[in-house]
Visitor: 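Take a look at the following structure, please.
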Amino acid sequence: MIRSELVQRLTDENPDLTPRDIEAIVSTFFNEISSRLAADGRVELRGFGAFSTRARDARTGRNPRTGEVVDVSAKRVPYFKPGKEMRARLNCEG
């Protein structure tokens with residue numbers, strides 16, 4: 001599902017809200033998650049999962065096109081850990 005499909009689905013399920021209102025809600029939701037992660041925080045949505053960041057150390061990599069050795073700097077990357085309910089839903093039988 002892409003963002004526009006999410007907005008359309010929410011609009012269909014909430015006819016009392018305008019598409020502009022739904023778009024504002026979705027944007028705020030994603031912006032708040034991003035802001036919290038950028039501040040080295042964590043966002044937990046019960047039953048869904050938790051967003052956090054993980055540190056990656058600096059390393060030596062290779063340019064796949066040329067094979068040239070390049071230095072890759074240390075960085076933080078987003079990480080998602082699914083919640084218990086989501087894991088159960090993904091692995092249900094039937």
Visitor: Measure the spacing between CD of E44 and NZ of K81 and express it to the nearest 0.5 Å.
Guide: 9.5 Å
Visitor: What are the two closest heavy atoms between S27 and R3, and how far apart are they?
Guide: OG-NH2, 2.6 Å
Visitor: Compare all side-chain heavy atoms of L6 with those of F29 and state whether any distance is below 4.5 angstrom.
Guide: no
Visitor: What pair of heavy atoms forms the shortest contact from T53 to R76, and how long is it?
Guide: OG1-NE, 3.6 Å
Visitor: Treat each ILVMFWY residue as a node, draw an edge where side-chain heavy atoms are under 4.5 Å apart, and state whether I25 and V7 are in one component.
Guide: yes
Visitor: Taking atom CZ of R9 as the centre, report whether more than 12 heavy atoms of other residues, nucleotides or ligands fall under 6.0 Å from it.
Guide: no
Visitor: Looking at side-chain heavy atoms only, is the closest gap between T60 and V72 below 4.5 Å?
Guide: no
Visitor: Which heavy atom of R42 sits nearest to which heavy atom of A50, and what is that distance?
Guide: NH2-CB, 3.6 Å
Visitor: Can you give me the closest heavy-atom contact between M1 and E5, atom names plus distance?
Guide: CA-OE1, 3.1 Å
Visitor: Kindly work out whether a path of hydrophobic side-chain contacts (I/L/V/M/F/W/Y, heavy atoms less than 4.5 Å apart) joins F30 to I22.
Guide: yes
Visitor: Measure the spacing between OG1 of T28 and CD of E23 and express it to the nearest 0.5 Å.
Guide: 9.5 Å
Visitor: Is there a path of hydrophobic side-chain contacts, each under 4.5 Å between heavy atoms, that joins F80 and I33?
Guide: yes
Visitor: Looking only at non-hydrogen atoms, find the nearest pair between R62 and V69 and report the distance.
Guide: NH1-CG2, 3.3 Å
Visitor: Would a hydrophobic clustering, with Ile, Leu, Val, Met, Phe, Trp and Tyr connected at side-chain separations under 4.5 Å, put V43 with V77?
Guide: no
Visitor: How long is the gap from CD on E13 to CD on Q8, to the nearest 0.5 Å?
Guide: 10.5 Å
Visitor: Does N63 use its side chain to pair, donor to acceptor, with the backbone of R65 at less than 3.5 Å?
Guide: yes
